[in-house]
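Structure record follows, encoded as structure tokens.
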Amino acid sequence: MKSLRPYLAVVVILLSAIGLIWLSDLAGQMVCVLALATATAYLFLSTGGAELDKLRGAYQALDEQAKLIVKTDMELSRAQEDLDRKVQGLYTLHELGHRLRSTVSVEDLFRKIDAAFLDQLGFDKGVIALSDGARPGLHVRAAIGYEPEAAAAWQERLNASAAWQALVCGKDILVLNRDELGTDQARAEFLQSLQLNTAIAVPLAVAEGGRGFILVGHEGAFARALPNDAELLSILANQLSIAIENAKLYEELWAERHSLELKVQERTRQLQEANESLQRMNEAKSDFVNAVAHELRTPLTSIKGYAAILSSGQLGPVTSEQAERLNRINKHTNGLSDMVDNLLDVARIEAGRVIMKIQPIAVAELLRNLQDILHPVLQEKRVRLTVDAAGVETCWADAVQLERVFMNLLSNAVKYTPAEGRITVTMRQEPGAIVTRVSDTGSGIAPKDVPRIFDEFYRADNTVNERLKGTGLGLSLVKRIIEAHGGTIQVASTLGQGTTFTFTLPLQLREQAA
Amino acid sequence: MVPPTAVASRLPVAGAGWSNHSDAAEAGRAAAGAAVGGLADAPPHVVVAFASSKYDQTALLQGIRSVTREVPLIGGSDAGEITSEGPARRSVVVVALHAPQGSFGIGSAGALDRDQRLAGQTAARAALLRHGGTKRTAFLMVSDGVVGGGQDVIRGAQEVLGTSFPIVGGSAGDDLRFKCAYQYCNEQVLTRSVVGLLIGGALRVGIGVHHGWLPIGQPRTATKSLRHTLHELDGSPAARVYEDYFGSELVAATRGQLLARMTVSYPLGMAVEGEEELLLRNVLRIERDGSLVCAGEIPQGSLIRLMIGTKDSAVAAARKAAEEAAGALQHVACVILFDSVARQRLFGRDAGEELAAVRAVVGPTAPVVGCYTYGEQAPLRSTVQVGRTYWHNETLVVLALGL
């Protein structure tokens, strides 16, 4: 039907034109003019309209294409943006990971999460809070973008609100956007308290019983917190949790080590004090011994003098019984006098009041003298003494003191060596010193006594000592004399088999010889 | 460092400084110190400062003025700072200009929320009075971006300075909180105000303004619109333009959001007579009744298009704007940028790219500073517009100062 309309219009135009020519009355002509105009207009419009339709169609199609382009563009830029954000976020986290790994203190750890870091992640502000064993509640450990007073005030509000704590420390990740909150007043207030428009909070997995969270957000009105951000923050929270645990462990270790060090220092100090007080006591003892010895010496000399006068018969004849008693007095006062001398020497050497007069000593002569002196008592006890100083002709020492050393060691050896026993003295030159060994095949020293035999007045607990009296000063004196020469003395002993004393006299002494 | 020849030949020079010190006074002092230090021993004649609203503004300004003393100062808080090294946030940037051949007059006006047009007039008149009778070149204006009504402020200033007198600048921001922005006028920190610096004498300016967006889809007519609110396009609710292209679901999801991502990437374009490039309008909010609240006024009857762009086209536009601004001068002393916060949002972490493009055009010597604004103002160049200043959105305004 539609396609016939233009032809109909042409027919109408033709008929109208004929009518206009043929009809003479005005009304008829008017009708013809009207019909002619209508048909012409229709014809014009219908042909031109098709072009317009075509144009309109193309225009619509173009707009549809534009919609497609816009949509594609949006999707592309959204994907690109997501990707950028993720890449940047991961890069930043990677950087932080590096920084955290090299951090060993919890405080430093929180300092590394700073404004620059948050900025790189694309956030404006952040809070990290943790509970600690010492104080109740959550404690803000880092507040980026907040003044310390504001952070402290917020911490108080947080600890006062169970609802807020549930928000940030709950199992779920909190993602808040102010314009999505609707009528949720509590959350709106929470955001307001932090002066944020968006917030993401992830709980921190800290040690048993502890809790904490990291929260970041945007101040800006058009920023959005997205699920991607939450993902990123979870990774950060994980990293942080591990780093915190590591740092805590390290800190504990360090603290333990530190306390150990402190303990050692304390003990050392106590020991030093004890040592000092011992030294003071020792000095007091030496002074006392010195004083007592001096006090004893004068009456002893008188006693000896009077006994000698009595023995000489100047004061009248002496009976044999009296002579025997006088001999005993003499013998005991001699013993006492020796003891007093020894005591005085120990005290004097210890106080450094005795100066060793170093001089060369002919070893062979020294040993011969000793053998001569000891000969009677050796014979009496049927003990053999052998000396061997092969290769040692001279040694350097204070002759009087060295003889004392030998006398003490040898009389000890004789004392503890049973009949038919043997005593050996060997002297050898070794690097840096002349080493002398005095060995016997005596009863030996019990292991428990070995460490103490050089102590003053110490007497080993054995049958010989029960029988024979002694002062317990001999070895102490020997040790002090040897040490005053710069040498050392040691003892090796096997119970029932014998004892060896080994002492050294440094060769350097030669240089001190006058 | 300023080449000694520059001082000797009395060319205008500038020094810039930046600080993100947490203490406001210290930050101001440090940035101003670096800016003045950049002039070598040449005295500054005018100082421009932009800073984050996070700072105690009074302390900040005191810090700056402790260095620059009585030198005229203009500026404002923003939504991000621009330095020669790139974009910055939560900081302060200061540029000090030594231009013995220039003349400057500063004016301000308050009560912007009551009458924007009057405020524009008052500020311009005050600046004019202070500037005196010498030759006038351009009016650098910073108005409160939270209050809005930028186009009316421009109208007011134009009524005093002349319709074709170039007005450049942007609106002060507050780090996108939309609560309170600040304007700086010498030692005063103002709010709900407009401040302006009339530049004249022998100092010349070069201005470039481009955005890089192209229209897509069919044109529509703003059949019902009142100031910043576009109610209807072609007789249907204005939000239909977004629903048609993005689907009603996405639009419903964005409802209530401020400056939704979709409207930043795809702003509206408004045809202006004689201009090839359309003026951009950011949609701040999509209302329940389907009307669009924009960041600039849309006169009823305007031809409206949906706009599309890419980061590349935006960078190219920045380059073009810099070329036009710098190309107008023989010697560039410094460049001040008024960049839209919407562009900052669009570029995200790549915000440095467009600034690098500007820097590449300007060269390494002259400082490039600026701020991210809630709206920009700059003159259009076509013969029909004869340099008349308009309010822009999502656009980069490049102001070059020199000879």
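Per chain, numbering begins at 1; letters A, B, ... match sequence-line order. These figures come from a predicted structure and were not determined experimentally.
Within the 4.5 angstrom heavy-atom criterion, atoms from both the backbone and the side chain of Pro219(B) approach chain A. Looking at Tyr266(B), the atoms closer than 4.5 Å to chain A (heavy atoms on both sides) all sit in the side chain, from C-beta outward. Asp174(B) does not touch chain A: none of its heavy atoms, backbone or side chain, sits under 4.5 Å away. Residue Arg178(A): no heavy atom, backbone or side chain, is found under 4.5 Å from chain B.
Arg99(A) CZ: more than 12 foreign heavy atoms inside a 6.0 Å radius. At most 12 heavy atoms of other shown residues, nucleotides or ligands fall within 6.0 angstrom of atom CZ in Arg240(B). Other residues, nucleotides and ligands place more than 12 heavy atoms under 6.0 Å from the CD atom of Glu26(B). Under a cut-off of 6.0 angstrom, the local environment of OH in Tyr59(A) is crowded, with over 12 non-hydrogen atoms contributed by other residues, nucleotides or ligands.
Heavy-atom pairs under 4.5 Å with chain B were tallied for Met74(A), Gln195(A), Lys71(A); the largest tally goes to Met74(A). Interface summary for chain A: among Asp244(B), Leu306(B), Asp350(B), Thr310(B), the most heavy-atom pairs under 4.5 angstrom belong to Asp244(B). In terms of heavy-atom pairs under 4.5 angstrom with chain B, the leader among Asn177(A), Asp124(A), Ile69(A) is Asp124(A).
Closest approach of Ala66(A) to Ile216(B), counting heavy atoms only: CB-CG1, 3.6 Å. Nearest heavy-atom pair across Asp84(A) and Lys311(B) is OD2-NZ, 4.1 Å.
The pair Arg90(B)-Glu219(A) meets the salt-bridge criterion, since a charged nitrogen lies less than 4.0 angstrom from a carboxylate oxygen.
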